[in-house]
Amino acid sequence: MSETTYRPIDEMTFKEASVELEQIVRSLEGGELELEESLERYSRGVELLRSLRERLASAEQRVRVLLDATDENASVTDTASAPSTAYINE
């Protein structure tokens, strides 16, 4: 069996890594692989999953930072001190 050459994970987009992981899972579930090939693909899948989780956690953190910045910059309108408009047309 020849060692498969994989593309470096850090050069892959999130989507590319996700697609490769899905293909690995399907090939492992198929049960047609030799033991050595199964172990090699399983190992690659673990590496892909680790990278995907790290990227997702990083993206979630960036979203939290952006949301916090938005919340801090949002102006709160105090309508309690505004004049009443209930009698304008009466």
Side-chain angles (χ1 to χ4, degrees):
M1 178 186 88
S2 64
E3 189 78 16
T4 303
T5 303
Y6 292 108
R7 183 172 166 200
I9 295 172
D10 59 346
E11 293 178 7
M12 300 174 79
T13 66
F14 187 89
K15 180 149 181 104
E16 290 169 335
S18 296
V19 168
E20 184 178 335
L21 179 58
E22 184 177 330
Q23 291 170 343
I24 288 171
V25 169
R26 288 184 181 177
S27 68
L28 291 171
E29 288 176 343
E32 300 296 319
L33 301 173
E34 293 291 329
L35 177 62
E36 296 80 10
E37 182 70 15
S38 293
L39 290 173
E40 181 182 331
R41 290 191 189 187
Y42 182 83
S43 177
R44 174 68 173 185
V46 168
E47 293 171 9
L48 287 164
L49 184 58
R50 182 178 299 123
S51 173
L52 290 168
R53 285 182 174 167
E54 289 172 1
R55 293 181 200 191
L56 187 57
S58 175
E60 287 173 344
Q61 180 60 33
R62 289 192 317 215
V63 168
R64 274 192 224 101
V65 167
L66 292 171
L67 288 175
D68 289 346
T70 301
D71 288 344
E72 289 174 6
N73 294 331
S75 62
V76 176
T77 305
D78 180 13
T79 59
S81 61
S84 175
T85 59
Y87 301 107
I88 289 180
N89 293 327
E90 292 183 5

Counting only heavy atoms not in [X] (residues, nucleotides, ligands), do more than 12 fall under 6.0 Å from its [atom1]?
X: Tyr42; atom1: OH; result: no
X: Arg53; atom1: CZ; result: no
X: Glu60; atom1: CD; result: yes

- Query: Which residue pairs satisfy the salt bridge (Lys or Arg N to Asp or Glu O under 4.0 Å) criterion with at least one member in residues 21-30, sequence neighbours excluded?
  - Reply: Glu22-Arg26

- Would you name the heavy atoms of Leu28 and Ser38 that are closest together and state the gap between them?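 Minimum heavy-atom separation between Leu28 and Ser38: CD2-O, 3.6 Å.
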
- Message: If hydrophobic residues (ILVMFWY) are linked whenever their side-chain heavy atoms come closer than 4.5 Å, directly or via other members, who joins Leu39 in its cluster?
- Response: Leu35

- Message: Is there a side-chain contact between Glu20 and Arg44 in this structure, where contact means two heavy atoms from C-beta onward sitting under 4.5 Å apart?
- Response: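 A side-chain contact exists here, since the closest heavy-atom pair is under 4.5 Å.
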
- Query: So do Glu37 and Thr4 actually touch side chain to side chain, heavy atoms under 4.5 Å?
  - Reply: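 Yes. Closest side-chain heavy atoms under 4.5 Å.
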
Looking only at atom types and distance, does a side-chain atom of [X] sit under 3.5 Å from a main-chain N or O of [Y], one as donor and one as acceptor?
X: Ser27; Y: Ile24; result: yes
X: Glu16; Y: Thr13; result: yes
X: Ser58; Y: Glu54; result: no

- Task: Answer yes if Ile9 and Tyr6 sit in the same cluster of Ile, Leu, Val, Met, Phe, Trp and Tyr residues linked by side chain heavy atoms under 4.5 Å apart, and no otherwise.
- Result: no

- Val19, Val46: one ILVMFWY side-chain cluster at the under-4.5 Å cut-off?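 Not linked; separate clusters.
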
- Message: I need the Leu66 CG to Gln61 CD distance, nearest 0.5 Å.
- Response: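 Result: 10.0 Å between the selected atoms.
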
- Query: From Arg55 CZ over to Asp10 CG, what is the distance, rounded to the nearest 0.5 angstrom?
  - Reply: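 Spacing of CZ (Arg55) from CG (Asp10) equals 8.0 Å.
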
- Pairing residues for Arg50 by the salt bridge (Lys or Arg N to Asp or Glu O under 4.0 Å) criterion, not counting sequence neighbours: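 None.
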
